[in-house]
Every structure is written in structure tokens, then in C-alpha cells.
A.B. asks: 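Questions regarding the structure given below will be posed in turn.
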Amino acid sequence: MANLIVYYSRKGQNYWNGNIVDLTKGNTERVAEFVQNAVGGDLFEIETVHEYSKDYTKCTEEAKAELREGARPELKKYLESLDGYDTIFVGYPNWWGTMPMCVYTFLEHYDLTGKKIVPFCTNEGSGMGGSERELKKICKGAEVVSGLAIHGAEAARSESKVAEWAKKNQPASGR
């Protein structure tokens with residue numbers, strides 16, 4: 001069985017150590033690539049039909065409104081099936097204490113019974129927030145393990161930490 005590394009990441013304007021900076025590659029995307037480098041598997045980016053505002057502050061307002069509404073944003077595409085995967089690494093930025101609502105949309109689309117869900121998030125100080133608890137609620141029948149929180153401003157330099165963590169969450173049979 002193979003690994004799947006599914007993630008949502010924000011390129012462009014991001015909050016970074018107290019400032020707004022423009023990133024050509026999102027922090028979570030970097031971490032997802034580090035996971036793939038460490039344990040192998042397929043990479044899948046969650047993309048929304050309606051893109052969030054390019055302006056960081058407006059994006060945070062949109063994300064907060066989606067959270068309040070319990071929105072499930074429409075996605076551009078899905079994987080046909082998760083049948084070939086036993087371990088699913090799920091990556092996202094911590095938005096308002098949890099995952100972006102598009103991650104909920106993706107996960108709720110599938111029957112995750114028997115899967116191992118391995119979460120990781122990027123954040124600017126709020127760690128995993130309540131996302132692990134939320135994952136346990138929505139990933140019925142799956143084993144949700146403790147996640148890894150990476151400070152966004154340190155994401156580009158986190159490869160060894162990410163690799164060590166990802167390998168610990170690998171089945172003993174290897175890659």
C-alpha cells in the first residue's frame with residue numbers, strides 16, 4: 001500500500017514572523033514535499049474553485065466567514081479513489097484554530113475507514129489548534145495520529161525534522 005500526501009497551501013501573501021511577505025511556494029506545500037521526500041507516495045494539492053483573495057487580510061476574513069458558516073468550498077478536482085492508500089498525510093495551514101474548510105470538503109468526500117490519517121500543519125504560533133480533534137470527528141473509522149506543527153517562517157528549513165517525524169508514522173514494512 002502506498003502513501004498519499006494531500007495538502008492545501010497558500011502561495012502569495014502570508015503572515016511571516018509578524019510581517020506580510022509574498023511567497024512563491026506556500027509553507028504547507030514545502031512541508032508536503034519534505035514528507036514525500038522522506039517516505040515516498042503520491043502528492044495531491046487541494047484546490048478550490050473559488051480562489052481566496054490574494055490580499056492576506058481579506059483572505060483571513062474569508063476564511064473566518066467560512067468557518068463561522070461551516071462552509072464546504074467546492075474543489076477543482078478529487079482523486080478517483082483512496083483505495084490504494086493506507087496512510088494519508090494531511091497538510092494544511094492553521095486558519096482560525098483549525099484546518100481551512102476546503103480540507104474538510106476533501107476529507108468528507110471519502111470513506112476513510114481503516115486509513116491512518118497523519119496530520120501536519122504550518123502556523124505562526126498556534127500549533128495544531130483544534131484540528132486533531134476535528135479530524136477525529138470527520139474521519140470516521142480512521143486512525144488519526146498526533147500531528148506535527150511547523151512554524152511557517154521555519155518551513156523551508158524544516159526538512160530534517162519533518163523527515164524524522166514522517167518516518168515514525170510509516171508502517172514497519174517501509175516505503
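Below, all heavy atoms of this structure are taken into account, side chains as well, without hydrogens, waters or symmetry copies. Just so you know, these numbers come straight off a predicted model, no measurement behind them.
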A.B. asks: So how far is it from Trp165 CH2 to Ser158 OG, rounded to the nearest 0.5 Å?
C.D. replies: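 Here the rounded value is 10.5 Å.
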A.B. asks: Hey, is Glu132 close enough to Lys136 for a salt bridge, meaning N to O under 4.0 Å?
C.D. replies: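 Judged by the 4.0 Å cut-off on N to carboxylate O distance, Glu132 and Lys136 do not form a salt bridge.
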A.B. asks: Grab the two heavy atoms, one from Val144 and one from Cys139, that are nearest each other, plus how far apart they are.
C.D. replies: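 So the minimum-distance heavy-atom pair works out to CG2-CB, 4.1 Å.
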A.B. asks: Using the rule that two of Ile, Leu, Val, Met, Phe, Trp, Tyr join whenever any of their side-chain heavy atoms come within less than 4.5 Å, decide whether Leu135 and Leu67 are in one cluster.
C.D. replies: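 Shared cluster, yes.
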A.B. asks: State whether a side-chain donor-acceptor pair under 3.5 Å links Ser53 with Asp55.
C.D. replies: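 Judged by distance alone, the side chains do not pair up.
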A.B. asks: Is a salt bridge present between Lys11 and Glu29, judged by a nitrogen-to-oxygen distance below 4.0 Å?
C.D. replies: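 Looking at Lys11 and Glu29, the cut-off is met.
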A.B. asks: Answer with yes or no whether the hydrophobic clustering places Tyr110 together with Ile117; edges join I, L, V, M, F, W, Y residues whose side-chain heavy atoms lie under 4.5 Å apart.
C.D. replies: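 In one cluster with Tyr110: Ile117, yes.
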A.B. asks: Do the non-hydrogen side-chain atoms of His151 and Glu124 ever get within less than 4.5 Å of each other?
C.D. replies: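 Yes, at least one pair of side-chain atoms sits under 4.5 Å.
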A.B. asks: Might you confirm whether atom CD of Glu108 has over 12 heavy atoms from other residues, nucleotides or ligands at distances under 6.0 Å?
C.D. replies: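 It does: Glu108 CD has more than 12 such atoms within range.
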A.B. asks: Taking all non-hydrogen atoms of both residues into account, name the closest pair between Leu43 and Ala32 and its distance.
C.D. replies: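 Where Leu43 meets Ala32 most closely, the heavy atoms are CD1-O, 3.8 Å.
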A.B. asks: May I ask you to say whether Glu33 pairs ionically with Lys25, meaning some side-chain N is under 4.0 Å from a carboxylate O?
C.D. replies: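 Here Glu33 pairs with Lys25 in a salt bridge, since their nearest N and O are under 4.0 Å apart.
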A.B. asks: Tell me whether Met128 is reachable from Ile46 by hopping between hydrophobic residues (I, L, V, M, F, W, Y) whose side-chain heavy atoms are closer than 4.5 Å.
C.D. replies: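 Per the 4.5 Å side-chain linkage, Ile46 and Met128 are co-clustered.
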A.B. asks: Please round to the nearest 0.5 Å and tell me the distance separating atom CG of Leu148 and atom CZ of Phe34.
C.D. replies: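 These two atoms lie 12.0 Å from each other.
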A.B. asks: When you compare the side chain of Tyr78 with that of Phe106, does any pair of heavy atoms fall below 4.5 Å?
C.D. replies: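 Sidechains of Tyr78 and Phe106: in contact.
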A.B. asks: With the threshold set at 4.0 Å, does a side-chain nitrogen-carboxylate oxygen contact exist between Lys76 and Glu51?
C.D. replies: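 Glu51 and Lys76: salt-bridged.
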A.B. asks: Do you see a donor-acceptor pair shorter than 3.5 Å between the side chains of Tyr92 and Ser131?
C.D. replies: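 Yes, Ser131 and Tyr92 have a side-chain donor paired with an acceptor closer than 3.5 Å.
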A.B. asks: Between Asn123 and Gly125 (side chain of the first, backbone of the second, donor and acceptor by atom type, cut-off under 3.5 Å), is there such a pair?
C.D. replies: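 Present.
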A.B. asks: Looking at every non-hydrogen atom in both residues, tell me the closest pair between Ala38 and Lys167 and how far apart they are.
C.D. replies: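 Closest heavy-atom pair between Ala38 and Lys167: O-CE, 3.6 Å.
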A.B. asks: Report whether Val145 and Val90 are members of the same hydrophobic cluster (ILVMFWY, side-chain heavy atoms less than 4.5 Å apart, transitive linking).
C.D. replies: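 Val145 and Val90: separate clusters.
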A.B. asks: Between Asn3 (side chain only) and Phe89 (backbone N and O only), is there a donor and an acceptor less than 3.5 Å apart?
C.D. replies: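 Looks like no, no N/O pair under 3.5 Å.
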A.B. asks: Can any side-chain N or O of Arg157 pair as donor or acceptor with the backbone N or O of Ala155 at less than 3.5 Å?
C.D. replies: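 Pair absent, no side-chain N/O of Arg157 close to backbone of Ala155.
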A.B. asks: Within the 4.5 Å heavy-atom criterion, are Thr60 and Tyr15 side-chain neighbours or not?
C.D. replies: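 A side-chain contact under 4.5 Å is absent here.
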A.B. asks: With heavy-atom distances below 4.5 Å as the criterion, would you say the side chains of Thr87 and Leu4 are in contact?
C.D. replies: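 A side-chain contact is absent here, since even the closest heavy-atom pair is not under 4.5 Å.
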A.B. asks: So, for Gly127 and Cys121, which heavy atoms are closest and what is the spacing to 0.1 Å?
C.D. replies: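 Nearest heavy atoms, Gly127 then Cys121: O-SG, 3.2 Å.
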A.B. asks: Go through it in stages, so that I can follow the logic: the residues are Glu62 and Lys58, the test is salt bridge (Lys or Arg N to Asp or Glu O under 4.0 Å), and I'd like the CA-CA distance, side-chain angles, deciding distance and then a yes or no.
C.D. replies: CA-CA 6 Å; Glu62 292 166 354; Lys58 287 182 183 169; over 6 Å; no
A.B. asks: Between Lys137 and Glu134, is there a salt bridge with N-O shorter than 4.0 Å?
C.D. replies: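 A salt bridge links Glu134 with Lys137.
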A.B. asks: Apply the test side chain to side chain contact (heavy atoms under 4.5 Å, CB included) to residues Asn94 and Thr122: give CA-CA distance (whole Å), side-chain angles for both, the deciding distance (0.1 Å), then the verdict.
C.D. replies: CA-CA 6 Å; Asn94 181 330; Thr122 55; over 6 Å; no
A.B. asks: Within a radius of less than 6.0 Å around CZ of Arg133, do more than 12 heavy atoms belonging to other residues, nucleotides or ligands occur?
C.D. replies: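 It does not: Arg133 CZ has 12 such atoms or fewer within range.
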A.B. asks: Quick check: closest heavy atoms across Val35 and Ile5, and the distance to 0.1 Å?
C.D. replies: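 In this case the closest contact between Val35 and Ile5 is CG1-CG1, 3.7 Å.
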A.B. asks: As an exercise, state the distance from CZ of Phe44 to CG of Leu82, rounded to the nearest 0.5 Å.
C.D. replies: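 Reported value, rounded in 0.5 Å steps: 9.5 Å.
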A.B. asks: With heavy-atom distances below 4.5 Å as the criterion, would you say the side chains of Thr105 and Met101 are in contact?
C.D. replies: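 They are not in side-chain contact.
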A.B. asks: Apply ring pair (Phe, Tyr, Trp, His ring centres under 6.0 Å) to the pair Trp95 and Tyr52, showing each step before the final yes or no.
C.D. replies: CA-CA 13 Å; Trp95 283 5; Tyr52 295 100; 5.2 Å; yes
A.B. asks: Would you tell me whether Tyr104 and Thr98 have side-chain atoms, one donor and one acceptor, within less than 3.5 Å of each other?
C.D. replies: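 Side-chain D/A pair, Tyr104 to Thr98: present.
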A.B. asks: Just verifying a value: how many Å separate Ser9 OG and Asn14 CG, rounded to the nearest 0.5 Å?
C.D. replies: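 One gets 7.5 Å once the value is rounded to the nearest 0.5 Å.
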A.B. asks: With a 4.5 Å heavy-atom cut-off, do Val49 and Leu75 have their side chains touching?
C.D. replies: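 Not touching, per the 4.5 Å side-chain cut-off.
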A.B. asks: When clusters are formed by joining ILVMFWY residues with side-chain heavy atoms under 4.5 Å apart, either directly or through shared neighbours, do Leu79 and Val6 land in the same one?
C.D. replies: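 Hydrophobic grouping puts Leu79 with Val6.
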A.B. asks: Grab the two heavy atoms, one from Gly41 and one from Gln36, that are nearest each other, plus how far apart they are.
C.D. replies: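 Smallest interatomic distance, heavy atoms only, reads O-NE2, 2.9 Å.
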A.B. asks: So do Met99 and Tyr8 actually touch side chain to side chain, heavy atoms under 4.5 Å?
C.D. replies: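 The answer is no; the side chains never approach within 4.5 Å.
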A.B. asks: Mind running side chain to side chain contact (heavy atoms under 4.5 Å, CB included) on Glu74 and His50 for me, showing each step along the way?
C.D. replies: CA-CA 7 Å; Glu74 186 180 353; His50 171 74; over 6 Å; no
A.B. asks: What I want to check is whether the side chains of Asn27 and Glu154 have a donor and an acceptor closer together than 3.5 Å.
C.D. replies: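 Glu154 and Asn27 do not have a side-chain donor-acceptor pair below 3.5 Å.
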A.B. asks: Let me confirm one number: the OG1-CZ distance from Thr28 to Phe120, rounded to the nearest 0.5 Å.
C.D. replies: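 With rounding to 0.5 Å, OG1 (Thr28) is 7.0 Å from CZ (Phe120).
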A.B. asks: Just verifying a value: how many Å separate Glu159 CD and Asn37 CG, rounded to the nearest 0.5 Å?
C.D. replies: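 So the gap between those two atoms works out to 5.0 Å.
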A.B. asks: Side-chain contact, heavy-atom cut-off 4.5 Å: Tyr7 with Val103?
C.D. replies: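 No, every pair of side-chain atoms sits at 4.5 Å or beyond.
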A.B. asks: If you measure from the Lys or Arg side-chain nitrogens to the Asp or Glu carboxylate oxygens, is any gap between Lys115 and Glu143 under 4.0 Å?
C.D. replies: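 A salt bridge is absent here (no side-chain N lies under 4.0 Å from a carboxylate O).
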